[in-house]
K.L.:
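Pasting a structure here, questions to come.
The model shown is predicted, which means the values in this text are computed figures rather than measured ones. Letters go in sequence order (proteins before strands), and every chain restarts at 1.
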Number of protein chains: 2
Amino acid sequence: MSKDLPLLATAPVVRRDAARNREALLQAAAELIEACGVDDLTTEAVAARAGVGKGTVFRRFGSREGLMAALLNHREEEWQASVISGPPPLGPGAPPMERLLAFGTSRLRHHREQAALIEAAGSTWGENYAVLGFVSLHVRTLLSQLGVRGDLAYLATALVAPLGVPVLRQQIEHGGMSEEQVVAGWTDLARRVVRGAD
Amino acid sequence: MSKDLPLLATAPVVRRDAARNREALLQAAAELIEACGVDDLTTEAVAARAGVGKGTVFRRFGSREGLMAALLNHREEEWQASVISGPPPLGPGAPPMERLLAFGTSRLRHHREQAALIEAAGSTWGENYAVLGFVSLHVRTLLSQLGVRGDLAYLATALVAPLGVPVLRQQIEHGGMSEEQVVAGWTDLARRVVRGAD
DNA sequence: AATGAAAGCGGACCACGGTCCGTTTCGACC
DNA sequence: GGTCGAAACGGACCGTGGTCCGCTTTCATT
């Protein structure tokens with residue numbers, strides 16, 4: 001047989017040692033975070049625990065932030081799965097408005113739980129296409145189902161923005177709001193947006 | 001005369017050399033940013049150009065981010081002044097709704113202009129009490145004047161959140177929106193919030 | 001199994017943010 | 001002007017993120 005055409009169906013072909021090291025690094029990072037917290041995690045320690053050189057960390061993840069983002073991805077996928085195929089009202093099956101409100105609550109909790117990691121991932125996470133895209137597309141879809149008119153792409157991002165980690169921290173840790181108040185506030189916000197302006 | 005009572009009217013009494021160095025550092029930083037951009041600015045270079053030791057930078061500003069925040073403060077104060085006492089519709093004198101929309105547009109532009117510095121200031125800026133407080137209080141006041149009912153503190157932060165630098169960058173540089181679209185979107189959002197849910 | 005080349009690896013090395021502490025400067029009080 | 005304590009200074013020093021390049025491993029091909 002002739003060789004595969006180079007430009008089509010390019011198999012990524014990850015080398016086995018590379019894959020092994022990747023997993024080892026992720027696990028080492030998770031364990032070290034468990035032990036000493038995100039802030040005190042050094043790339044050298046991760047590399048040492050995984051039994052590889054420091055260069056490998058950067059080859060695999062690009063940066064410390066990239067490593068954090070990779071750790072987050074796992075949790076994020078679980079969350080996305082519960083939106084796509086989990087039980088209602090977060091998952092499909094409930095009326096759109098209930099799904100939207102469930103989304104807000106769930107996303108808020110998710111952000112609160114992963115706050116340390118999200119902050120450590122910094123812009124690598126914030127610019128993560130897949131995540132941002134999924135979240136705002138989901139909201140956009142729900143708004144559409146609710147018959148909302150206007151620039152749905154904008155409204156979606158505007159609804160997602162107040163669920164960001166820095167905003168939540170400001171509100172809860174600095175502004176003295178309880179998590180329940182924030183949930184209630186966001187619910188109110190969502191209702192106003194859906195009700196529309198005309 | 002007896003000594004001032006220690007607990008009342010505590011004069012900060014800034015030493016003259018300290019004040020001079022502070023100014024020299026701010027100017028040096030501004031000049032260097034002009035020359036080589038925010039990202040390539042090193043604290044050592046700033047110190048050298050100001051003719052002081054590196055330790056002084058940290059003594060005065062706490063961190064590199066603190067230095068950035070101090071630079072921002074100047075611009076921020078100008079902006080706040082234009083809200084407090086500038087010409088309408090941003091300043092006082094216009095109807096509340098017009099002021100609110102002018103606020104959104106102006107704040108968005110301000111964030112876009114100062115984006116590099118704001119990102120470089122990082123959490124030092126994000127946690128800046130004075131700034132966040134002023135902005136959300138202003139919006140809250142306008143909402144109140146508009147007769148909006150509900151958790152005004154929450155709604156204010158929710159209106160401010162989509163004007164954050166990362167959100168704007170996502171929308172404009174990644175999502176293909178124009179600045180005009182974003183302004184239009186925010187205006188729509190504000191109208192929906194003000195219209196209310198009941 | 002042998003071969004060869006591309007991908008991966010490791011750890012010395014570098015740059016920069018941040019700390020520390022002995023020395024210098026300021027300015028309040030006499 | 002002299003004295004003195006507090007505040008500020010400077011720059012050597014350290015830790016950590018990130019780079020670089022010569023060596024090793026993998027694996028497709030034969």
K.L.:
Contact class for Val52(A) vs. all strands (heavy atom < 4.0 Å): base, sugar-phosphate, or nothing?
P.N.:
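It contacts sugar-phosphate atoms only.
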
K.L.:
Mind calculating the distance between CZ (Arg16(A)) and P (dA28(D)) to the nearest angstrom?
P.N.:
9 Å

K.L.:
Where each residue is assigned the nucleotide of DNA chain D containing its nearest heavy atom, which of Asp40(A) and Gly62(A) is assigned the position nearer the 5′ end?
P.N.:
Asp40(A)

K.L.:
Give me the atom names and distance for the closest heavy-atom approach of Ser82(A) to Leu90(A).
P.N.:
OG-CD2, 3.6 Å

K.L.:
Rounded to the nearest 0.5 Å, how far does CE of Met68(A) lie from CG of Leu41(A)?
P.N.:
4.5 Å

K.L.:
Side chains of Arg99(B) and Val83(B): closer than 4.5 Å at any heavy-atom pair?
P.N.:
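They are in contact (side-chain heavy atoms under 4.5 Å apart), so the answer is yes.
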
K.L.:
Could you give the CZ-to-P distance, from Arg20(B) to dG10(D), as a whole number of Å?
P.N.:
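Atom-to-atom, Arg20(B) to dG10(D), this comes out as 10 Å.
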
K.L.:
Quick one: which of dC26(C), dC27(D), dA12(D) gets closest to the side chain of Lys54(B)?
P.N.:
dA12(D)

K.L.:
Of Ser63(B) and Gly55(A), whose nearest nucleotide on DNA chain C comes first from the 5' end?
P.N.:
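On the 5' side of the pair lies Gly55(A).
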
K.L.:
Quick one: Arg59(A) CZ to dC23(D) C1', roughly how many Å, whole number?
P.N.:
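One finds 13 Å between C1' of dC23(D) and CZ of Arg59(A), rounded.
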
K.L.:
Hey, is the side chain of Thr56(B) poking within less than 4.0 Å of OP1 or OP2 on dA8(D), counting only N and O atoms?
P.N.:
no

K.L.:
Can you tell me how far C1' of dC13(D) sits from CD of Glu44(B), to the nearest Å?
P.N.:
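Result: 12 Å.
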
K.L.:
Any side-chain heavy-atom pair from Pro88(A) and Glu98(A) closer than 4.5 angstrom?
P.N.:
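In short, these two side chains do not touch, never coming nearer than 4.5 Å.
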
K.L.:
Check this one for me: any side-chain N or O of Thr43(B) less than 4.0 Å away from OP1 or OP2 of dG17(C)?
P.N.:
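Affirmative; the distance criterion is met.
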
K.L.:
When all nucleic acid strands are considered with a 4.0 Å heavy-atom cut-off, which category describes Arg22(A): base, sugar-phosphate, or nothing?
P.N.:
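The residue Arg22(A) makes no contact with any strand.
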
K.L.:
Is Arg75(A) salt-bridged to Glu113(A), going by a charged N under 4.0 Å from an acidic O?
P.N.:
no

K.L.:
Would you say Asn21(B) places a side-chain N or O within less than 4.0 Å of OP1 or OP2 belonging to dC9(D)?
P.N.:
yes

K.L.:
How long is the straight-line distance from CG of Leu152(B) back to OG1 of Thr141(B), given to the nearest 0.5 Å?
P.N.:
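The CG atom of Leu152(B) is 9.5 Å from OG1 of Thr141(B), to the nearest 0.5 Å.
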
K.L.:
How is Arg60(A) classified with respect to the nucleic acid when contacts are heavy atoms under 4.0 Å: base, sugar-phosphate, or nothing?
P.N.:
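Answer is sugar-phosphate: Arg60(A) comes under 4.0 Å of backbone atoms only.
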
K.L.:
At what distance, to the nearest 0.5 angstrom, does CH2 of Trp79(A) lie from CZ of Arg107(A)?
P.N.:
4.5 Å

K.L.:
Expected output is a numbered-order residue list: members of residues 64-71 of chain B with a heavy atom under 4.0 Å from any atom of DNA chain C. What is it?
P.N.:
Arg64(B)

K.L.:
Write down the distance between CZ (Phe58(A)) and C1' (dG17(D)), rounded to a whole number of angstrom.
P.N.:
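Whole-Å distance recorded here is 5 Å.
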
K.L.:
To the nearest Å, give me how far apart CG (Asp17(A)) and C1' (dC9(C)) are.
P.N.:
8 Å

K.L.:
Find the distance Arg15(A):CZ to dT26(D):P and express it as a whole number of Å.
P.N.:
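In whole Å, dT26(D) P and Arg15(A) CZ are 7 Å from each other.
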
